[in-house]
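For reference, the structure discussed in these notes is given below.
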Amino acid sequence: MQPGLTLKGLRHTVATTLREAGLEERQIADLLGQKTPSMARHYSRSANLADRNRITMEALEKENERRSRVVKPSKKTVKP
């Protein structure tokens with residue numbers, strides 16, 4: 001057999017690409033006809049999630065900043 005693209009290699013490539021695009025393991029497993037998300041995890045284990053994780057952390061930091069702003073209570077909510 002000559003070296004090159006195999007069905008297994010194609011499955012790895014598709015799973016990795018989909019994981020990097022943000023799909024969940026269950027979605028990938030369904031698309032590839034796998035019974036469990038753990039198989040999708042196996043086939044997409046080499047996905048580079050750094051960019052997606054960076055976006056997630058930026059969203060978390062933005063939300064934390066929003067929640068940490070000092071809010072002055074209105075007179076209606078302050079009990080004497």
So, are R67 and E63 salt-bridged, with charged N and O less than 4.0 Å apart?
-> yes
Closest approach of A29 and A40, non-hydrogen atoms and distance?
-> N-CB, 3.7 Å
Which heavy-atom pair separates I28 from Q34 by the least distance, and what is that distance?
-> O-OE1, 4.4 Å
May I ask you to check whether over 12 heavy atoms, not counting those of L7, lie within 6.0 Å of atom CG?
-> no
What are the two closest heavy atoms between S38 and T36, and how far apart are they?
-> OG-OG1, 2.9 Å
Nearest heavy-atom neighbours spanning R26 and K35 = NH1-O, 3.3 Å
Joint hydrophobic cluster, L5 plus L32, side-chain heavy atoms closer than 4.5 Å | yes
For the pair R19 (side chain) and L23 (backbone), establish whether a donor and an acceptor sit closer than 3.5 Å, ignoring hydrogens and angles.
-> yes
Test item: H42 and H12 side chains (from C-beta on) under 4.5 Å apart, heavy atoms = yes
In the single-linkage hydrophobic clustering (I, L, V, M, F, W, Y; side-chain heavy atoms under 4.5 Å), do L10 and L18 co-cluster?
-> yes
Looking only at atom types and distance, does a side-chain atom of E20 sit under 3.5 Å from a main-chain N or O of T17, one as donor and one as acceptor?
-> no
If you take all heavy atoms of T16 and S44, which pair is closest and at what distance?
-> OG1-CA, 3.9 Å
Could you tell me whether the side chain of Y43 reaches within less than 4.5 Å of the side chain of K8, counting heavy atoms only?
-> yes
Mind checking the CG-CE spacing from N64 to M57? Nearest 0.5 Å is all I need.
-> 8.5 Å
